[in-house]
Amino acid sequence: KEEFLQQAQLERELTTVEVNQVDLKTNLELTTARAKASQIKTKAVAEAQTMVQSERNEKEEFLQQAQLERELTTVEVNQVDLKTNLELTTARAKASQIKTKAVAEAQTMVQSERNEKEEFLQQ
């Protein structure tokens, strides 16, 4: 009977050791799985942050390029306006010059005709 009790005690102790080993193995696997999951999550978050920052950078570059295009367009519009105003001013000045010359020539012709008429009448 003593031998049977010792055998039962030994089997209980072995079972306890096996249960403890299974618990340790389970805890180790659980801890390892959690660590891997945390590592995967950290990597995924870092990749997502990198992607978001890249998209923000692209957005900022696009906005800066759009602003530059607007400014260049404004410069081009101003150049066209200046050229148009210069040509308009030049055309008005030439027209005024032509008109003044024509008026002067007409007045000279009229005066010449009057002078000739007076000379004719005085003869």
Side-chain angles (χ1 to χ4, degrees):
K1 185 174 174 181
E2 184 69 30
E3 191 177 303
F4 178 75
L5 289 175
Q6 287 178 350
Q7 182 69 26
Q9 179 64 30
L10 181 63
E11 286 181 14
R12 277 194 302 276
E13 289 174 3
L14 286 174
T15 302
T16 301
V17 167
E18 287 177 4
V19 167
N20 287 341
Q21 286 178 340
V22 168
D23 282 347
L24 286 174
K25 185 178 177 183
T26 302
N27 286 337
L28 177 64
E29 289 175 358
L30 180 61
T31 302
T32 302
R34 285 181 178 158
K36 285 182 180 179
S38 177
Q39 182 182 23
I40 290 169
K41 179 182 175 184
T42 301
K43 183 179 177 183
V45 167
E47 288 174 356
Q49 287 173 336
T50 299
M51 188 173 70
V52 167
Q53 186 60 48
S54 176
E55 289 177 2
R56 286 180 180 153
N57 292 347
E58 287 176 12
K59 175 185 172 185
E60 182 61 29
E61 183 180 340
F62 176 81
L63 291 174
Q64 288 177 3
Q65 184 64 31
Q67 180 63 30
L68 178 62
E69 290 295 327
R70 284 190 292 275
E71 289 172 4
L72 289 174
T73 300
T74 299
V75 168
E76 289 174 1
V77 166
N78 288 339
Q79 286 175 338
V80 169
D81 281 347
L82 288 173
K83 185 178 178 185
T84 301
N85 287 336
L86 176 64
E87 290 178 4
L88 183 59
T89 301
T90 302
R92 285 180 178 156
K94 285 182 181 179
S96 177
Q97 181 184 24
I98 291 169
K99 179 181 174 185
T100 301
K101 185 178 177 183
V103 168
E105 287 177 3
Q107 288 174 344
T108 302
M109 287 173 56
V110 166
Q111 189 59 44
S112 177
E113 289 295 321
R114 285 183 185 158
N115 291 344
E116 286 179 19
K117 183 179 176 185
E118 278 185 39
E119 283 180 21
F120 179 75
L121 291 174
Q122 288 179 356
Q123 289 179 356

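Separating the OG1 atom in Thr15 from the CD atom in Glu18 is a distance of 5.5 Å, to the nearest 0.5 Å. With rounding to the nearest 0.5 angstrom, the CD atom of Glu3 is 14.0 Å from the NZ atom of Lys1. Remark: Leu68 CG to Leu63 CG distance equals 12.5 Å, nearest 0.5 Å. One distance of note links CD of Gln97 with NZ of Lys94; it measures 8.5 Å at 0.5 Å rounding.
Using a 4.5 Å cut-off on side-chain heavy atoms (C-beta onward), Gln21 and Lys25 make no contact. Considering only heavy atoms from C-beta on, Arg34 comes within 4.5 Å of Leu30 through its side chain. A heavy-atom distance below 4.5 Å is not found between the side chains of Glu13 and Val17.
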* **Step-by-step side-chain contact (heavy atoms from CB on, under 4.5 Å) determination, Val103 to Gln107** => CA-CA 6 Å; Val103 168; Gln107 288 174 344; 3.8 Å; yes
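Not a single donor-acceptor pair under 3.5 Å links the side chain of Ser54 to the backbone N or O of Thr50. Formation of a donor-acceptor pair under 3.5 Å by the Thr16 side chain with backbone atoms of Arg12 is found in this model. With hydrogens and angles ignored, the 3.5 Å screen pairs a side-chain donor or acceptor of Thr90 with a backbone N or O of Leu86.
For Arg56, the side-chain contact (heavy atoms from CB on, under 4.5 Å) test picks out Val52, Gln53, with sequence neighbours left out.
For Gln67, the CD atom counts as densely surrounded, since its 6.0 Å shell holds more than 12 non-hydrogen atoms of other residues, nucleotides or ligands.
Taking Ile, Leu, Val, Met, Phe, Trp and Tyr as hydrophobic and joining them when side-chain heavy atoms fall under 4.5 Å apart, one finds Val19 isolated, its cluster having no other members.
For Glu69 and Gln65, the side-chain atoms include at least one donor-acceptor pair closer than 3.5 Å.
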